[in-house]
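Every chain is numbered from 1 and lettered A, B, ... according to where its sequence line falls, protein lines coming before strand lines. Atoms considered below: every heavy atom in the structure, side chains included; atoms not considered: hydrogens, waters and symmetry mates.
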Number of protein chains: 2
Amino acid sequence: MNASQPFRLDDSARGGKAEQILAAARREFLASGFGAVSMDAIARRAGVSKATVYAHFAGKEELFGAVISEMSERYFRGFSASELDPVDAAASLGEIARRFLELLLSPEAIALNRIIIGEVTRFPALGEVFWRTGPERTRAQIETFMRRAGEAGSLRVSDPRLAAEQFASLVRGEIHLRLLLRLGPPATPARIAATAEAVVATFLRAFAPKMS
Amino acid sequence: MNASQPFRLDDSARGGKAEQILAAARREFLASGFGAVSMDAIARRAGVSKATVYAHFAGKEELFGAVISEMSERYFRGFSASELDPVDAAASLGEIARRFLELLLSPEAIALNRIIIGEVTRFPALGEVFWRTGPERTRAQIETFMRRAGEAGSLRVSDPRLAAEQFASLVRGEIHLRLLLRLGPPATPARIAATAEAVVATFLRAFAPKMS
DNA sequence: GTCTATACAGTGATAGAC
DNA sequence: GTCTATCACTGTATAGAC
């Protein structure tokens, strides 16, 4: 495997069997990590022979890279904050917080996050890919909102980037770490809404314009 | 291995060779995770034969559990906030933030965090152990400080637990995730101090008593 | 308890027929 | 491209001598 590009899909991966193999690998890797998954298990689940797997992917590492990068892209693409109203900061921040939490705390995202952190020592490139497609992108979205809200006068932000970082950190909170550690059940929508509300309340106390 | 108690040290682990093996295992596991480490490598590094390893530890999993639980305990025991002055909230919170970051961002703590998150699917008990000895304990320390500061009138906290959670989340911030993902070098003391200062400033804007 | 030597299972990867 | 069969190798675990 080329360590600098471990995640590039082979062109032939668009065919039928290749996607079948990729889907099987995704389920196996997400459920068990890298080390505990065998190529036999992937082939069995894909309904093909092991030789066929090797006909489409150079090896286990390349297959793993393909799975992880594809998932990173797929999971974070949907997050957007550009259409939210910068005048009503409270409502928009609440919406951002809820969307962020729904994305961040979904079982698939947690499993992905877990496996990347666990294997980043072996595959350094994965951390970079995940960061750019995930946290970096969401923070940029939030930062843009902060800037617009600042211009609209609904928030008092001298450093939009810092404000976005701190908001994202507040939202991530304790619950994210707890789920990464497999403590407690997946978050319910009610729990997400309550957490978002508490975060927005605190954030607004720090960043609301001075009342005159 | 008994899955509910994978981390209990055998009584014989107090001897000389056993600690030698444990130290070797710690270095190997922390550097490479669970799957990539062989019992051969541990035995070689410890300077004993493989059979001796198996004489002291039932298998690779038990050895791993022993290493992780011992490290969790060792790393988080030092954190304390009980002696800080609750009247000078700004200074004390800054001190808490710096201590927390130094602990959290140390290379050893990052490696430990990483390996636990990566292997918690295979060893669910490790998540519980880490949580209780780590984040739970630090949050309790901070929570106690919040309560004392609230009583002293230097902070306006209606829910000390929530305030402690939010403060800890702010401190953890983006840098912790970046280091978990192996992005960038370890944090410098200057970077830690700057981050702590920014966090305390924001937190105080949200939780400082109203000026009359 | 500690060693050397080895049995045994399971792994990633490939050869060769079709 | 796809299969069956098999390779070489590694890792866990144990037997038996001392």
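Relative ring orientation between B/F34 and B/F29 is described as parallel, the plane-to-plane angle staying below 30° on a 0-90° scale split at 30° and 60°.
Look at CD1 on B/I42: it is 11 Å from P on D/dG11, rounded to the nearest Å. Across the protein-nucleic acid pair, A/K60 atom NZ and D/dC9 atom P stand 19 Å apart, rounded to whole Å. Between B/E62 atom CD and D/dT12 atom C1' the separation is 15 Å, expressed in whole Å. Summarising the geometry, the separation between CZ on A/R44 and P on C/dG12 is reported as 11 Å, rounded to the nearest angstrom. As rounded to whole Å, 9 Å separates atom P of D/dC3 from atom NE2 of A/H56. The CZ atom of A/R122 sits 11 Å away from the P atom of C/dG12 (whole-angstrom rounding). What separates CZ of B/F57 from P of C/dG1 is a distance of 12 Å, to the nearest Å. If you take CD of B/E28 and C1' of D/dG11, they are 14 Å apart, rounded to a whole angstrom.
Geometrically, A/R205 engages B/F207 in a cation-pi contact defined by less than 6.0 Å to the ring centre and at most 45° from the axis.
Counting only heavy atoms from C-beta outward, the side chains of A/I115 and A/F64 approach each other to under 4.5 Å.
Under a 3.5 Å cut-off, the side chain of A/Q20 and the backbone N or O of A/A46 do form a donor-acceptor pair.
Proximity of the aromatic rings of A/F130 and A/F76 is defined here by a centroid distance below 6.0 angstrom, and this criterion is met.
Phosphate contact (OP1/OP2 of C/dT14, side-chain N/O of A/Y54, threshold under 4.0 Å): absent. Between A/S49 and D/dT4, a side-chain N or O to OP1/OP2 separation shorter than 4.0 Å is absent.
A/K50 comes within contact range of at least one nucleobase, with a heavy-atom separation under 4.0 Å. Contacts of A/V37 with the nucleic acid, taken as non-hydrogen atoms under 4.0 Å apart, involve only primed sugar atoms and P, OP1 or OP2.
In the set D/dT2, D/dT12, C/dC3, the nucleotide with an atom closest to the side chain of B/V48 is C/dC3. Distance from the side chain of A/A51 is smallest for D/dC3 among the nucleotides D/dT2, D/dC3, C/dC3. Among the nucleotides C/dT11, C/dC3, D/dT2, the one closest to the side chain of A/S38 is C/dT11.
For D/dG1, its base never sits under 3.5 Å from the side chain of A/K17 at any donor and acceptor pair.
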